[in-house]
Q: 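Dumping the structure here so I can ask a few things about it.
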Amino acid sequence: MTQLKEKLFEKIQAHRPRITKLTKEFGSVVIDKVDIGQCIGGARDIRSLVTDISYLDPQEGIRFRGKTIPETFEALPKAAGSEYPTVESFWYFLLTGEVPTLEQVAAVEAEFKTRQVVPEYVYTVVRSLPKDSHPMVMLSVGIMAMQKESKFAAFYSGGKFNKMDAWEYVYEDASDIVARIPVLAAFIYNLKYRGDKQIAIDPKLDLGANFAHMIGQSEQYKDVARMYFILHSDHESGNVSAHTTHLVHSALSDPYYAYAAGLNGLAGPLHGLANQEVLGWIMEFQKKLNGAEPTKENVTKALWDTLNAGQVVPGYGHAVLRKTDPRYTAQREFCLKTPGLKDDALFKLVAMIFETAPGVLTEHGKTKNPWPNVDAQSGVIQWYYGLKEWDFYTVLFGVGRALGCMANITWDRGLGYAIERPKSVTTDMLEKWAAEGGRKM
Ligand code: NMX
Ligand code: MLT
């Protein structure tokens, strides 16, 4: 067992009795109620999932393992010569809840080197797709094609499956997926936008730096990749990509099936695809300006045009958050401290939208949260560094989100969580309970 796997085993063993006690002794303690609005309205706010990996407070935003974003970046060991931690150190932290030592980080980096090679047949499958397929299709198909590597599936079909050991095989698949997904994403980028000019893995580099290297990016972009993947990793368990991954894996579908499904959810415009939509919206706006300077007045008009056309303003609003997303703030601060970027015209426009959109959305009066989410700021950074193919932005989100989804399903198996199966009701039933003032329990 690697150091990380041993540490994880220790943590899982220590945690198991807590779940057993809660289920056996306190299983009938009520923690929430469900109303008709929630039943029809996307199960909003119903407390029915458990994770210790991250928690999203509506006012404060995300905490990873109890730490805010600035605390996380502060606490973790940094990549050599960088202000940012490596993705490997963050992976250790997400899985175990402990800040790793430099030696523990080096061990994860070494482990990832042995895992990161994507089998050649996966590239053949992805290459056979039409070149104008969306890169999220390519990513999802690539992960799905790799399913035959699944150690969990082999363990299950080998006839020796048992609940106590199953997490070990999920850990193996999860680690393979986390180590390989940036390599697959870089392959897709080069295939789609660089005439299939592929760049080999540099085995000396950490995960984020190697991704930058493999897409032909600059030295500075290495930190962008590290920051981006960490920021997008996890957002507790109810969001579409994490929930889908958890749901599919709850049927004991292996991590490849589960994460391909999660990616398919991430590809929706109300979820991860919003980062592509933001850039699309900005480009459309600039086209309409026809060379004129953006002003608060013309930004306001463009926002109203979108709303009056019955569309959503991409990058604004959130199902849980009720303030500016701290992932937005972290990226905005990155822009403000990066010479060149803080004076970039696109950054200034995004900042102007930030000044304008909350007021317009409040006046519009529909959204419960007029503030920006992660997607409103992420594209401008990519654009500045020359990654201008905005239909690729959700793939970057998907690489980061693998960290959270894979850590979560490893723990799901460690704690033996049940197959997910909520109950549905009919409209007749809802109408009856509405007339009676509630369901008689
Ligand atoms: N622009 C216009 N209308 C909005 C917006 C927005 N940005 N956000 C919410 N609304 C509307 C929403 O469509 C709904 O309208 P209706 O009653 O006609 O159905 C109403 O406001 C109430 O919605 P909320 O309860 O505030 O939001 P909900 O929890 O249903 O949805 C989002 C959350 C994130 C899907 C929604 O805010 C949205 O569509 N935002 C724009 C897309 C986006 O940025 N998504 C990315 C989310 C983060 N991520 O990466 O996943
Ligand atoms: C996410 O990162 O998953 C999004 O902000 C959506 C969510 O949390 O619902």
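Not measured: the values here are computed from a predicted model. When a ligand or atom number is given, it counts from 1 through the structure's own listing order.
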Q: Q147 and A153: which non-hydrogen atoms are nearest, and at how many Å?
A: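 For Q147 and A153, the tightest heavy-atom pair comes out as NE2-CB, 3.9 Å.
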
Q: Assess the pair F152 and H249: is the distance between their ring centroids shorter than 6.0 Å?
A: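 That pair passes the under 6.0 Å test.
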
Q: Identify, for atom 51 (O) of ligand 1, the protein heavy atom at the shortest distance, and state residue, atom and that distance.
A: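 Of every protein heavy atom, H271 ND1, 2.7 Å lies nearest to atom 51 (O) of ligand 1.
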
Q: Answer side chain, backbone, both or neither: which part of L361 comes under 4.0 Å from ligand 1, heavy atoms only.
A: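 Side chain only.
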
Q: I need the atoms of ligand 1 closer than 4.0 Å to a non-hydrogen atom of H318, numbered in the order shown.
A: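 Listed by number with element, the hits are 33 (C), 34 (C), 37 (O).
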
Q: Tell me whether R180 contacts the main-chain N or O of V117 through its side chain, where contact means a donor paired with an acceptor under 3.5 Å.
A: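 Here the side-chain-to-backbone pair exists.
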
Q: Should one rank R327, R401, K366 by closest heavy-atom distance to atom 22 (C) of ligand 1, which comes out on top?
A: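 The option holding the nearest heavy atom is K366.
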
Q: What about V313: any of its N or O atoms under 3.5 Å from an N or O on ligand 1?
A: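 There is such a contact, yes.
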
Q: Got a protein heavy atom sitting under 4.0 Å from atom 41 (C) of ligand 1?
A: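 There is a protein heavy atom less than 4.0 Å from atom 41 (C) of ligand 1.
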
Q: Examine the proximity of ligand 1 to T306 and report which part, side chain or backbone, both or neither, has a heavy atom under 4.0 Å away.
A: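 Near ligand 1, T306 shows nothing, with every heavy atom at 4.0 Å or more.
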
Q: Are K67 and E74 within salt-bridge range, i.e. N to O under 4.0 Å?
A: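 Salt bridge absent between K67 and E74.
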
Q: Near G315, which atoms of ligand 1 are under 4.0 Å from a heavy atom of that residue?
A: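 Once the distances to G315 are compared, the set is 43 (C), 44 (O).
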
Q: Looking only at non-hydrogen atoms, find the nearest pair between P314 and A274 and report the distance.
A: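 Between these two residues, the closest heavy atoms are CB-O, 4.2 Å.
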
Q: For this output row, return yes or no: ring centroids of H235 and H271 closer than 6.0 angstrom.
A: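 Here the rings of H271 and H235 have centres that are no less than 6.0 Å from each other.
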
Q: Which residue and atom name correspond to the protein heavy atom nearest atom 26 (O) of ligand 1, and how close is it?
A: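 Here the closest protein heavy atom is K368 N, 2.7 Å.
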
Q: Any protein N or O within less than 3.5 Å of an N or O in ligand 2? List each pair with its distance, or say none.
A:
unit_1: ligand 2; atom_1: 2 (O); unit_2: H235; atom_2: ND1; d: 3.4
unit_1: ligand 2; atom_1: 2 (O); unit_2: R327; atom_2: NH1; d: 2.7
unit_1: ligand 2; atom_1: 2 (O); unit_2: R401; atom_2: NH2; d: 2.6
unit_1: ligand 2; atom_1: 3 (O); unit_2: R401; atom_2: NH1; d: 2.9
unit_1: ligand 2; atom_1: 3 (O); unit_2: R401; atom_2: NH2; d: 3.3
unit_1: ligand 2; atom_1: 5 (O); unit_2: H235; atom_2: ND1; d: 3.1
unit_1: ligand 2; atom_1: 5 (O); unit_2: H318; atom_2: NE2; d: 2.7
unit_1: ligand 2; atom_1: 5 (O); unit_2: R327; atom_2: NH2; d: 2.7
unit_1: ligand 2; atom_1: 8 (O); unit_2: H235; atom_2: ND1; d: 2.7
unit_1: ligand 2; atom_1: 8 (O); unit_2: H318; atom_2: NE2; d: 3.2

Q: With atoms numbered from 1 as shown, which atoms in ligand 1 lie under 4.0 angstrom from a non-hydrogen atom of R44?
A: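 Ligand 1 atoms under the 4.0 Å threshold to R44: 28 (P), 29 (O), 30 (O).
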
Q: Is E111 reaching over with its side chain to a backbone N or O of V108, donor-acceptor style, under 3.5 angstrom?
A: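 No, because the side chain of E111 does not come within donor-acceptor range (under 3.5 Å) of the backbone of V108.
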
Q: Can you check whether Q311 has an N/O within less than 3.5 Å of an N/O in ligand 1?
A: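 No - when backbone and side-chain N and O of Q311 are compared with those of ligand 1, no distance drops under 3.5 Å.
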
Q: Under 4.0 Å from a heavy atom of A319: give me the atoms of ligand 1 that qualify, with their elements.
A: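 Once the distances to A319 are compared, the set is 29 (O), 33 (C).
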
Q: Looking only at heavy atoms, is any part of A274 under 4.0 Å from ligand 1, and if so is it the side chain, the backbone, or both, or is it neither?
A: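 It is the side chain that touches ligand 1; the backbone stays farther off.
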
Q: Is the distance between the ring centroids of Y417 and W411 less than 6.0 Å?
A: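 No - the distance between ring centres of Y417 and W411 does not fall below the 6.0 Å cut-off.
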
Q: Under 4.0 Å, heavy-atom basis, I'd like to know which part of E277 is in contact with ligand 1: side chain, backbone, both or neither.
A: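 Answer for E277: neither.
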
Q: Under a 3.5 Å cutoff, is there a donor and acceptor pairing between the side chains of E389 and Y193?
A: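 No donor-acceptor contact under 3.5 Å links the two side chains.
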
Q: Taking the minimum heavy-atom distance to atom 4 (C) of ligand 1, which of N373, N369, T367, L303 ranks first?
A: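 Residue with the shortest heavy-atom distance to the ligand atom: T367.
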
Q: Could you tell me if the ring centre of Y189 sits under 6.0 Å from that of F392?
A: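 Judged by ring-centre distance (under 6.0 Å), Y189 and F392 do meet the cut-off.
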
Q: So for ligand 1, is Y316 a polar contact partner (N or O within less than 3.5 Å, distance only)?
A: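 Yes - when backbone and side-chain N and O of Y316 are compared with those of ligand 1, one distance drops under 3.5 Å.
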
Q: Could you check whether F64 and F90 have their ring centres less than 6.0 Å apart?
A: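 Yes, close enough.
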
Q: Checking the N or O distance criterion of under 3.5 Å, is ligand 1 in contact with L270?
A: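 Yes, since at least one N or O of L270 sits under 3.5 Å from an N or O of ligand 1.
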
Q: Quick check on contacts: which atoms of ligand 1 are under 4.0 angstrom from a heavy atom of F397?
A: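 Listed by number with element: 50 (O).
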
Q: Identify the heavy atoms of R65 and L95 that sit nearest to each other, and give their distance.
A: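 Nearest pair, atom of R65 first, then L95: NH2-O, 3.1 Å.
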
Q: Under 4.0 Å from atom 1 (N) of ligand 1, is there any protein heavy atom?
A: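 It does: a protein heavy atom is found less than 4.0 Å away from atom 1 (N) of ligand 1.
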
Q: Tell me whether N190 contacts the main-chain N or O of M214 through its side chain, where contact means a donor paired with an acceptor under 3.5 Å.
A: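 Side chain of N190 to backbone of M214: a pair is present.
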
Q: Just by modelled atom types, is the D325 backbone N or O under 3.5 Å from a matching donor or acceptor in the R327 side chain?
A: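 No; judged by distance alone, with no hydrogens or angles, the pair does not exist.
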
Q: Can you report which non-hydrogen protein atom sits closest to atom 49 (N) of ligand 1, along with the distance?
A: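 Its nearest protein heavy-atom neighbour is D375 OD2, 3.2 Å.
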
Q: Do side-chain atoms of S89 reach the backbone of T86 as a donor and acceptor pair under 3.5 angstrom?
A: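 Checked: pair present.
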
